[in-house]
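We name chains A, B, ... by the order of the sequence lines, and we start the count at 1 in each one. Atom set for the values below is all heavy atoms of this structure, side chains included, hydrogens, waters and symmetry mates excluded.
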There are 2 protein chains.
Amino acid sequence: MGSAIADVAARAGVSKATASRALSGKGYVAEATRKRVVQAAEEIGFVASPNAASLVTGKTKNIGVVIPFINRWFFGEILEAIEEALLNSGFDMTLYNLHPGSAERDRVFNFFLARKRFDGVIAVGVEPTAEEAGRLLRLGIPMVSVGAPVPGIRSLTIDDVAAARVATEHLLGLGHRRVLHIGGHVADPAENTVHNLRLAGYRQAMFAAGLASEARATQTTMSVPGGYDAGTHALSDATSRPSAIFAACDEIAIGVIIAARRIGIRVPGDLSVIGIDGHEYAEMFSLTTIEQRPREQGLAAVTDLLSAVGGEPCAPEVVDMPARLVVRASTAHVGVVADAV
Amino acid sequence: MGSAIADVAARAGVSKATASRALSGKGYVAEATRKRVVQAAEEIGFVASPNAASLVTGKTKNIGVVIPFINRWFFGEILEAIEEALLNSGFDMTLYNLHPGSAERDRVFNFFLARKRFDGVIAVGVEPTAEEAGRLLRLGIPMVSVGAPVPGIRSLTIDDVAAARVATEHLLGLGHRRVLHIGGHVADPAENTVHNLRLAGYRQAMFAAGLASEARATQTTMSVPGGYDAGTHALSDATSRPSAIFAACDEIAIGVIIAARRIGIRVPGDLSVIGIDGHEYAEMFSLTTIEQRPREQGLAAVTDLLSAVGGEPCAPEVVDMPARLVVRASTAHVGVVADAV
DNA sequence: TTGAAAGCGCTAACAT
DNA sequence: ATGTTAGCGCTTTCAA
């Protein structure tokens, strides 16, 4: 049952210290003793208590992850990548799903994360405030942010403005003039920043093309049903219908395509749609998209954080991940058109 | 920085013991003292070290969760519900994403979960073996299983055979005779059990209707693209085409519907499709489905587990969650047709 | 109602 | 190469 390292030591006929050294691999132990200790440990099914170890070493081998959504493709991918990378390095991942605008936020940042239970924290798409970030850093808990630039801590983002510009330019390059932008809800704090950046990129491109007066933007939930509703509405009137749509994320884009086909509009053909994310459904819907490669972002976040946990502080700067525009036709991947960054 | 309870005690002019009692609310403390201690704690930003507390109490306030997928709708919903319920009860959730057939499985069950870091374990859709379950139980770590019956531990499932039977009967009741079943891959351990149960229910219904010779079943990945591929294939030949399809999950069903509409087959109309899960996209696709209500399953799992953690062992039996057949037409919810259990 | 002291299981000096 | 000792920060008897 609750076997302790003392039991292992007794069984192997050594002291607790030697047993500890033998099992952890730190410090000098004779090969023969090491074997005896390891075997004794296996025989009684000993697994060290990480709590006791943490108490003395100050390291927990546990990373806290905060994320606003689990069940949206982009976030799910990041989460899978983070979990996998952490597990490979022997770290646990403790997950907090911070619903946008939730009252739990304070409790999570000031209680759950502020305890000495974590070697580091990864915040995905939550944009920690200066106070939230500062408190953790003062406690000696390094933090990296993914998807939201936070002053003073390392942040991994794509250049959302540039990506949106490239997306819009792609549609303009196809000869479109009536390009509608469908973005996320400004009211939603978790979507606000990214929404505004992508909207800005769209406006820049429209302006640069001398089409400022043609710029039109609507908002919806960043989800397939959200895109479906917005698409149904935007495409209902055949005379005022846009010929192209730049959706702020692939889920909206997919919803738009479903709505369009429902109405009898061919996509691509009658309507060009471009999204951002690189959603796994993109090929199925012949969707042109700007790949954001969430798995790479998650992996990079872990790498950066663990280097800070390991002692080397990583530069607290905003690092833009490469994104790329991918055009797909039917179910075939046609190629990389441009780097968005 | 690393403020300890001794600092709080000193600041409040009491002993560590009194400070501990005041902050935890256990044991007698004069109201005036309690206030002083709480204030002192706030002033220096004290948050107790859970590791130190765990070491003496044996409780960690931390639950391990094992799940095969994060980025599939059904699993994501369960996960969100579990996380929310645990957080509300003051528990941390440490997540292990156990890819089906992965070599990590041993390490997760025998090392990560077997340490004294968890008060309990929730296994979602992973079907722990008798050894895996037994080891944890012997360590005094209670476990509940969701979505897979495990002998000896409490398991929450829907009655998959009954649900599949009801689904098939629904199509037969609509007058269909050529009902195709599209299931998951048998080779995939994480889908094997559920696939077989649903296939069995389909066969039962076909047999009972005297249509055993009409029974046809194919397999694909349990995903939208998987359903799209299988649907494209199954519907390509207009003469041998089924008039109805029972998909083993909503993601397959949605893929089938997309494929059908691509080909020009109206759904519903030319083809009836039914799935299982209650996916959030169901309405958008006019999909008839059997709701499995993942959030309720997640919540029930937490409730059951925490009661065991709290001391009351819960019966190690298989409990079937209610599932229900929901028919949707256009975007309107028409009603509950039957209870699947 | 409070304090003193013991100890949870482990690791890290320091001795040997 | 191994053992001895002293805690890590907290909770919990047991006395007062």
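One can place NZ of B:K16 at 12 Å from P of D:dG7, the figure rounded to the nearest angstrom. Regarding A:D7, its CG atom lies at a distance of 11 Å from the C1' atom of C:dG9, rounded to whole Å. Remark: P of C:dT1 and NZ of B:K35 are 14 Å apart, rounded to the nearest angstrom. The distance from atom NZ of A:K61 to atom P of C:dC10 is 17 Å, rounded to the nearest whole Å.
Of the candidate nucleotides C:dC10, D:dG3, D:dT11, D:dG3 has the atom lying nearest to any side-chain atom of A:R21. In this structure, the nucleotide among C:dA5, C:dG9, D:dC10 sitting nearest to the side chain of B:A17 is C:dA5. Counting only heavy atoms from C-beta on, A:V56 has its side chain closest to C:dG9 among C:dG9, D:dT11, D:dC10. Distances from the side chain of A:S49 to the nucleotides C:dC10, C:dC14, C:dT11 place C:dC10 closest.
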B:T94/B:N62 under side chain to side chain donor-acceptor pair (under 3.5 Å): CA gap, chis, key distance, verdict: CA-CA 7 Å; B:T94 298; B:N62 192 188; 3.1 Å; yes

Chi angles and distances behind the side chain to side chain contact (heavy atoms under 4.5 Å, CB included) call for A:E83, A:L86: CA-CA 5 Å; A:E83 193 274 343; A:L86 287 176; 6.0 Å; no

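At D:dG3, one or more side-chain N or O atoms of A:S15 fall inside 4.0 Å of OP1 or OP2 (strictly under the cut-off). Between B:T18 and the phosphate of C:dG3, there is a side-chain N or O to OP1/OP2 separation shorter than 4.0 Å. Contact annotation: A:T33 side-chain N/O to D:dA1 OP1/OP2 distance is not under 4.0 Å.
Note on the helix from C:dT1-D:dA16 to C:dT16-D:dA1: terminal axis deviation equals 30°, with five pairs used at each end and the result rounded to 10°.
Here the closest heavy-atom approach between residue B:V309 and residue B:K59 is recorded as O-NZ, 3.9 Å.
Only A:Y28, A:V29, A:A30, listed by number, bring a heavy atom of residues 22-32 of chain A to less than 4.0 angstrom from any atom of DNA chain D.
A:S54 comes within 4.0 angstrom of nothing in the nucleic acid, heavy atoms only.
For the pair B:L87/B:E84, no side-chain contact is recorded, criterion being any heavy-atom separation below 4.5 Å from C-beta on.
Ring geometry for A:Y96 against A:F112 counts as tilted: the plane angle lies between 30° and 60°, on a 0 to 90° scale.
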